[in-house]
Amino acid sequence: MASLSGSGAGSSVVVTGGARGIGRAIAELLVARGHHVVLTDIDGAAAADTAAEIGADEGLTHDVRNPADHRAAAEAALHHAPLTAWFNNAGVGDDGRLAEMPDDQVRRLVEVNLLGVMWGMRAALDAFGPRGGDIVNTASLAGLGPIPGYGAYAATKAGVVSLTGSVELETPPSVRVHAVCPDVVQTAMLHEGHTHDSLGSRLAHSGSRVLEPAEVAQEAVGLLGTNRVVLSVPRSRGGVVRLSALAPSVSRHAMKLVEAKGKKAIAKDAGRQGRR
């Protein structure tokens, strides 16, 4: 099998949620490496525009909640070249305490973030053929430990991490399954899914810095062809979040400190915006 970490000549790749943010950065990097890229998005017009801008082969309308849309994306990719990689990147990031979230908001989180990944993985596994390939799922650091104010979102991402490890063990050696777990990233999701100054928003702004999509894309694409199953970005944060799951009483106190740090960061950012 050709090395996916280098030239992509003779291979096709699907990237869901590819119109902007991390997905666009992944697609752009894959195009630069010579892959035939089919990027998809719930906003089909934006997907088509992005594909034209970055030189991808196609930009398709794709609702990841619909298994048939995944199969259509796989068929489109196979028209260009054998499918060798699939990036399940599409997701939504609504915050909120579970008891306060509307039913339809909880359902959307589960259907997009978890079921959408399941349908994508099934489509990829059906389309890879005997040469195999790589599946890269965009999870989150939130999936590695308790994140109050993001309970429903974190549950979906924890599901993605668990599913990734399970399917990796279910598949033959020619198929490699990975999950990339980034900290907070500077994307539209950071603003669209958050209530201003909510608990979730405070925690999201508590890190040392917000990652850029290109940083996450480099790590996600770097997983191709490797045996790494779960990768935290940055790597140091993964251990911290996992430890918080082992000591709930300590975590409760630590979260108060983290929340206070995030509140200060939000106030500081608001001050900078006001001075512009």
Considering all heavy atoms of both residues, which atom of [X] and which atom of [Y] are nearest to each other, and what is their separation?
X      : Y      : result
Leu60  : Ala76  : CD1-CB, 3.7 Å
Val230 : Cys181 : CG1-SG, 3.9 Å
Gly165 : Val229 : CA-CG1, 4.2 Å
Ala139 : Val161 : CB-CG2, 3.9 Å
Ser11  : Thr84  : CB-OG1, 3.1 Å
Asp95  : Gln105 : O-NE2, 4.4 Å

Flag side-chain contact, heavy atom, 4.5 Å: [X] against [Y]:
X      : Y      : value
Val185 : Glu212 : no
Val106 : Leu98  : yes
Thr226 : Arg176 : no
Thr61  : Ile42  : no
Arg71  : Trp119 : no
Leu224 : Val136 : yes
Pro234 : Asp183 : yes
Thr171 : Leu125 : yes

Same cluster or not: are [X] and [Y] linked, directly or through other Ile, Leu, Val, Met, Phe, Trp or Tyr residues, by side-chain heavy atoms under 4.5 angstrom apart?
X      : Y      : value
Phe128 : Phe87  : no
Leu114 : Met101 : no
Val221 : Val216 : yes
Met118 : Val64  : no
Ile22  : Val13  : yes

Subject >> Reference residue Asn137; test side-chain contact (heavy atoms from CB on, under 4.5 Å); the match among Leu223, Val177, Val180 >> reply: Val177
Flag, side chain of [X] to backbone of [Y], donor-acceptor distance under 3.5 Å:
X      : Y      : result
Thr50  : Ala47  : no
Gln218 : Glu215 : no
Arg108 : Val110 : no
Asn89  : Gly17  : yes
Ser12  : Pro82  : yes
Thr16  : Ala90  : yes
Lys157 : Thr138 : yes
Asn113 : Thr156 : no

**OP:** Please assess Glu53 against Asp49 for the test side-chain contact (heavy atoms from CB on, under 4.5 Å), listing each intermediate value before the final yes or no.
**Re:** CA-CA 6 Å; Glu53 290 167 8; Asp49 288 345; 4.3 Å; yes
State the [atom1]-[atom2] distance between [X] and [Y], to the nearest 0.5 angstrom.
X      : Y      : atom1 : atom2 : answer
Leu141 : Ile147 : CG    : CD1   : 7.5 Å
Ser140 : Tyr150 : OG    : OH    : 8.5 Å
Arg107 : Arg65  : CZ    : CZ    : 11.0 Å
Arg122 : Ile135 : CZ    : CD1   : 12.0 Å
Glu219 : Arg228 : CD    : CZ    : 9.0 Å
Glu28  : Leu30  : CD    : CG    : 10.5 Å

**OP:** Apply the test side-chain contact (heavy atoms from CB on, under 4.5 Å) to residues Leu211 and Val184: give CA-CA distance (whole Å), side-chain angles for both, the deciding distance (0.1 Å), then the verdict.
**Re:** CA-CA 6 Å; Leu211 299 170; Val184 181; over 6 Å; no
**OP:** Evaluate the side-chain contact (heavy atoms from CB on, under 4.5 Å) criterion for residues Val92 and Leu109: first the C-alpha distance (whole Å), next the side-chain angles of each, then the deciding distance (0.1 Å), finally the verdict.
**Re:** CA-CA 6 Å; Val92 291; Leu109 280 163; 3.7 Å; yes
Original post:
Are side-chain N/O atoms of Asp41 and His62 paired as donor and acceptor at under 3.5 Å?
Top reply: no
Subject >> Derivation and outcome, side-chain hydrogen bond (donor to acceptor under 3.5 Å, both in side chains), residues His178 and Asp134 >> reply: CA-CA 8 Å; His178 323 273; Asp134 289 79; 2.7 Å; yes
Original post:
Can Thr164 and Glu168 be said to form a side-chain contact (heavy atoms from CB on, under 4.5 Å), step by step?
Top reply: CA-CA 6 Å; Thr164 297; Glu168 163 65 19; 5.5 Å; no
**OP:** Over 60° means perpendicular and under 30° means parallel, so classify the ring planes of His36 and His80, tilted if in between.
**Re:** parallel
